[in-house]
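Positions are given from 1, in the same order as the sequence printed here.
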Amino acid sequence: MKLRQDYRNLWHSDLMGTATADTPYCCLACLCGPCVSYMLRRRALYDDMSRYTCCAGYMPCSGRCGESKCPQLCLATEVFLCFGNSVASTRFLLQDEFNIQTTQCDNCIIGFMFCLSQIACIFSIVACLVGSDELSEASQILSCFSDMVYCTVCACMQTQHKLEMDKRDGVFGSQPMGVPPPQQMSRFDQPVPPPVGYPPAAYPPAQAYPPASYPPPGVCRTVIFFRFAVYALNALVFFSPPIDLDGPKV
């Protein structure tokens, strides 16, 4: 999280403005969150499911669930059984790809959602242990309010992801971004890697070292004389007797 705070780019729309930026999609994400999470993760991977990893590689279980054999089934299992992790993983994936920082406003909203969920859980445990009807009814109201906040924030987050990918794909008029190409590694018989997307650099012609006119005439003698003078001064200082600054003693 600290690393993402140092990113320079911002979301196309913050969490406070997503409901008005794309109201129909926000309602769809609120009513059917797992389905929207599935579509957004697939779109974040540029519809290339061979790049899919469970929770986008941010969880300990990533890469250990057999994703390469059936990525569609693994993604469907992730969004339905681990809905919160699927939304957060898509968010981290977009942030790391486009260097989008985590703003303080978004952090406050997400932190309030988590704190409210923890408080509702604690109230439910206390009501179960005490057995008070009033406390149990209050815990149910708090849990219902916590679930409403959770669904609303997740819907706004998914709408925020959708707007960012619309910006990436050129929906807002900007030039769409292509799929990032895989990096090419240089072979043993290819000492210089091939230029991918960059013009070949114009290097100066190879020259013999040292050049024919190095060093310039007269410089060698001056350097030798200067070094000899320094060595002589050091020897004079080292072998000269110490000077008594207090004068002769009476």
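For the pair Ser124 (side chain) and Ala120 (backbone), a donor-acceptor distance under 3.5 Å is present. For Glu78 (side chain) and Cys55 (main-chain N/O), a donor-acceptor pair under 3.5 Å exists by modelled atom type. In this structure, Asp166 contributes its side chain and Val171 its backbone to no donor-acceptor pair below 3.5 Å. For Ser139 (side chain) and Ser136 (main-chain N/O), a donor-acceptor pair under 3.5 Å exists by modelled atom type. At least one donor-acceptor pair closer than 3.5 Å links the side chain of Thr159 to the backbone N or O of Ala155.
Summarising the local packing, CD of Glu137 is surrounded by 12 or fewer heavy atoms from other residues, nucleotides or ligands at distances under 6.0 Å. Few gaps surround OH on Tyr52; more than 12 heavy atoms of other groups in view lie less than 6.0 Å from it.
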Run Ser13 and Gln160 through side-chain hydrogen bond (donor to acceptor under 3.5 Å, both in side chains) and show every step you take. CA-CA 6 Å; Ser13 177; Gln160 189 180 46; over 6 Å; no
Candidate pair Cys74 and Cys54, rule side chain to side chain contact (heavy atoms under 4.5 Å, CB included), full reasoning: CA-CA 7 Å; Cys74 290; Cys54 180; over 6 Å; no
Before giving the answer on side chain to side chain contact (heavy atoms under 4.5 Å, CB included), spell out for Leu93 and Ser89 the whole-Å C-alpha distance, their side-chain angles and the decisive distance to 0.1 Å. CA-CA 6 Å; Leu93 183 64; Ser89 300; over 6 Å; no
Could you walk me through whether His161 and Trp11 pass the side chain to side chain contact (heavy atoms under 4.5 Å, CB included) test, one step at a time? CA-CA 9 Å; His161 304 164; Trp11 292 100; 3.9 Å; yes
Go through the steps to decide whether Asn85 and Tyr58 satisfy the test side-chain hydrogen bond (donor to acceptor under 3.5 Å, both in side chains), and finish with yes or no. CA-CA 9 Å; Asn85 288 338; Tyr58 296 103; over 6 Å; no
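Side-chain heavy atoms closer than 4.5 Å link hydrophobic residues (I, L, V, M, F, W, Y) into clusters, and following such links, possibly through other members, connects Met157 to Leu116. By the criterion of side-chain heavy atoms lying less than 4.5 angstrom apart, applied directly or through intervening Ile, Leu, Val, Met, Phe, Trp or Tyr residues, Phe80 is not grouped with Tyr150; the two fall into different hydrophobic clusters. Linking ILVMFWY residues whenever their side-chain heavy atoms come closer than 4.5 Å, directly or via other members, leaves Met59 and Phe83 in distinct clusters. Both Leu142 and Val126 are part of a single hydrophobic cluster, where members link through side-chain heavy atoms under 4.5 Å apart. Linking Ile, Leu, Val, Met, Phe, Trp and Tyr residues whenever their side-chain heavy atoms come within less than 4.5 Å leaves Leu73 and Tyr38 in two separate clusters.
Counting heavy atoms from C-beta outward, Asn9 and Gln101 have side chains that stay 4.5 Å or more apart. Residues Leu129 and Ile125 have side chains in contact (heavy-atom distance under 4.5 Å, counting atoms from C-beta outward).
Between Arg91 and Asp106 there is a salt bridge, since at least one side-chain N of the basic residue sits less than 4.0 Å from a carboxylate O of the acidic one. Salt bridge absent: Arg43 and Asp47 never bring a charged side-chain N and a carboxylate O closer than 4.0 Å.
Between Ser37 and Ser86, the side chains place a donor N or O and an acceptor N or O closer than 3.5 Å (distance only, hydrogens not considered).
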